[in-house]
Amino acid sequence: MTTNRLPQNPKPKEWLASDLSQQRIADYKPFNFVDGEGVRCSLYVSGCRFACPGCYNRVAQNFRYGKPYTQELEDQIIEDLSQSYVQGLTLLGGEPFLNTQVCIRLCRRIRQEFGHDKDIWSWSGYTYEELMQDSEDKLTLLGLIDILVDGRFLLAQKDLTLQFRGSANQRIIDVPATQAAGEIKLWKNLIR
């Protein structure tokens, strides 16, 4: 595989969840330690258009992969998150910001049930700056999460020594701090 191939680069509002999402889930993994800080419950949504060369979860790029999101799954996620040792939820994919129907619904319920006692992380091929120029649903989801790991995976910048990300261009952004400051604020626990 060559490292000079690049992911797709959408224009603002070019890709919309309302057009693309099938509201399907590639996987749900409760009680893991790899998808963010602390013990987490991870929801992998189906569908992504970035097509990053070297994607670690290529099967989840298909919007029809997996199974439909259900009320039963949502209730199970909430029950799992209610465990005192669970720090929060992680949204991955696929692309969460192309599956906003599912992700916004779940994030709103988490805020309703737990307030900010449980944090919400999301990985995205979009950069923070791209999301700020995109559709209203993407902005809504961004406003519900605490930590955004942003940017497409770039094979030429692959670095497996980095915390919670696969390539050096990706950032771990503290979303509430960034929105309050009006400039990018990185996650306070960033080591490398």
Side-chain angles (χ1 to χ4, degrees), residues 17 20-48 50 52 54-126 131 137-138 140-151 153 160 162-167 170-176 187-191:
L20 297 169
S21 177
Q22 301 293 310
Q23 300 182 44
R24 297 180 74 82
I25 303 307
D27 201 1
Y28 169 61
K29 296 181 181 178
F31 317 127
N32 74 73
F33 298 90
V34 296
D35 295 331
E37 184 178 52
V39 177
R40 312 200 63 78
C41 295
S42 298
L43 184 68
Y44 293 78
V45 294
S46 295
C48 181
F50 288 108
C52 299
C55 175
Y56 83 103
N57 199 8
R58 197 160 169 217
V59 68
Q61 290 178 11
N62 184 335
F63 285 92
R64 290 186 175 90
Y65 180 76
K67 57 188 179 203
Y69 183 78
T70 63
Q71 186 64 49
E72 291 75 24
L73 175 60
E74 183 176 302
D75 293 344
Q76 184 63 57
I77 293 168
I78 295 299
E79 182 179 324
D80 294 343
L81 284 169
S82 72
Q83 303 305 310
S84 61
Y85 57 86
V86 175
Q87 183 170 326
L89 174 78
T90 300
L91 301 170
L92 310 102
E95 172 56 58
F97 287 86
L98 293 179
N99 286 279
T100 52
Q101 303 96 319
V102 167
C103 295
I104 290 171
R105 172 181 162 180
L106 178 58
C107 289
R108 282 184 171 153
R109 182 159 176 210
I110 289 167
R111 294 300 184 219
Q112 178 185 356
E113 304 256 347
F114 305 109
H116 287 272
D117 291 341
K118 303 292 180 176
D119 63 16
I120 302 172
W121 285 48
S122 183
W123 266 250
S124 180
Y126 287 100
L131 289 170
D137 59 319
K138 290 182 179 80
T140 298
L141 180 57
L142 186 63
L144 289 166
I145 66 174
D146 299 291
I147 301 294
L148 175 70
V149 182
D150 82 332
F153 172 74
L160 299 181
L162 298 171
Q163 275 177 294
F164 304 126
R165 55 209 197 285
S167 60
Q170 296 171 314
R171 302 172 293 183
I172 305 177
I173 297 172
D174 182 322
V175 175
W187 177 51
K188 66 181 175 10
N189 295 334
L190 184 65
I191 297 168

Q: Can you tell me which residue pairs pass the salt bridge (charged side-chain N to carboxylate O under 4.0 Å, His left out) test with a partner in residues 84-103, sequence neighbours excluded?
A: none
Q: In chain order, what residues pass the side-chain contact (heavy atoms from CB on, under 4.5 Å) check against E37, with sequence neighbours excluded?
A: Q87, W121, W187, N189
Q: For R108, what residues pass the side-chain contact (heavy atoms from CB on, under 4.5 Å) criterion, not counting sequence neighbours?
A: I104, T140, L144
Q: Using the side chain to side chain donor-acceptor pair (under 3.5 Å) criterion, which residues pair with R58? Sequence neighbours excluded.
A: none
Q: Using side chain to side chain contact (heavy atoms under 4.5 Å, CB included), reason through S122 and F97 one step at a time and then give a plain yes or no.
A: CA-CA 9 Å; S122 183; F97 287 86; 3.7 Å; yes
Q: Under the rule for side chain to side chain donor-acceptor pair (under 3.5 Å), what residues qualify as partners of D35, not counting sequence neighbours?
A: S42, Y44
Q: Restricting to non-hydrogen atoms, name the atom on I145 and the atom on P176 that form the minimum distance, rounded to 0.1 Å.
A: O-CD, 4.0 Å
Q: Keeping the roles fixed (side chain from K118, backbone from L81), state whether a donor-acceptor pair exists under 3.5 Å.
A: yes
Q: Using the test side-chain contact (heavy atoms from CB on, under 4.5 Å), find all partners of Q71 that sit at least two apart in sequence or belong to another chain.
A: E74, D75, R105, R109
Q: Among residues at least two apart in sequence or on other chains, which ones pass ring-ring contact (aromatic ring centres under 6.0 Å, His included) with Y28?
A: none
Q: Residues two or more places apart in sequence or in another chain: which of them pass side chain to side chain donor-acceptor pair (under 3.5 Å) with E79?
A: none
Q: Taking side-chain contact (heavy atoms from CB on, under 4.5 Å) as the test, write out the residues that go with P68, two or more places apart.
A: R24
Q: Taking only residues two or more places apart in sequence, or in another chain, which ones meet Y69 in a ring-ring contact (aromatic ring centres under 6.0 Å, His included)?
A: none
Q: Can you sort out the partners of Y65 under ring-ring contact (aromatic ring centres under 6.0 Å, His included), two or more places apart, ordered by chain and number?
A: none
Q: What pairs with Y85 under ring-ring contact (aromatic ring centres under 6.0 Å, His included), at least two apart in sequence or on another chain?
A: F31
Q: Give a yes or no on whether the backbone of S46 and the side-chain of N99 come within a donor-acceptor separation of less than 3.5 Å.
A: yes
Q: Is there a donor-acceptor contact under 3.5 Å from the side chain of R40 to the main chain of F33?
A: no
Q: Can a donor-acceptor pair be found, under 3.5 Å and without considering hydrogens, that links the side chain of D150 to the backbone of R171?
A: yes
Q: Does Q22 reach the main-chain N or O of R64 with its side chain, forming a donor-acceptor pair under 3.5 Å?
A: no
Q: Of all heavy-atom pairs between A26 and A60, which one has the smallest distance, and what is that distance?
A: CB-CB, 3.9 Å
Q: Set out, in order, the CA-CA distance, both residues' side-chain angles and the distance that settles side chain to side chain contact (heavy atoms under 4.5 Å, CB included) for C107 and L141, then state yes or no.
A: CA-CA 8 Å; C107 289; L141 180 57; 3.9 Å; yes
Q: Please determine whether side chain to side chain contact (heavy atoms under 4.5 Å, CB included) holds for the pair V86 and D80, giving the CA-CA distance in whole Å, both sets of side-chain angles, and the decisive distance to 0.1 Å.
A: CA-CA 8 Å; V86 175; D80 294 343; 5.8 Å; no
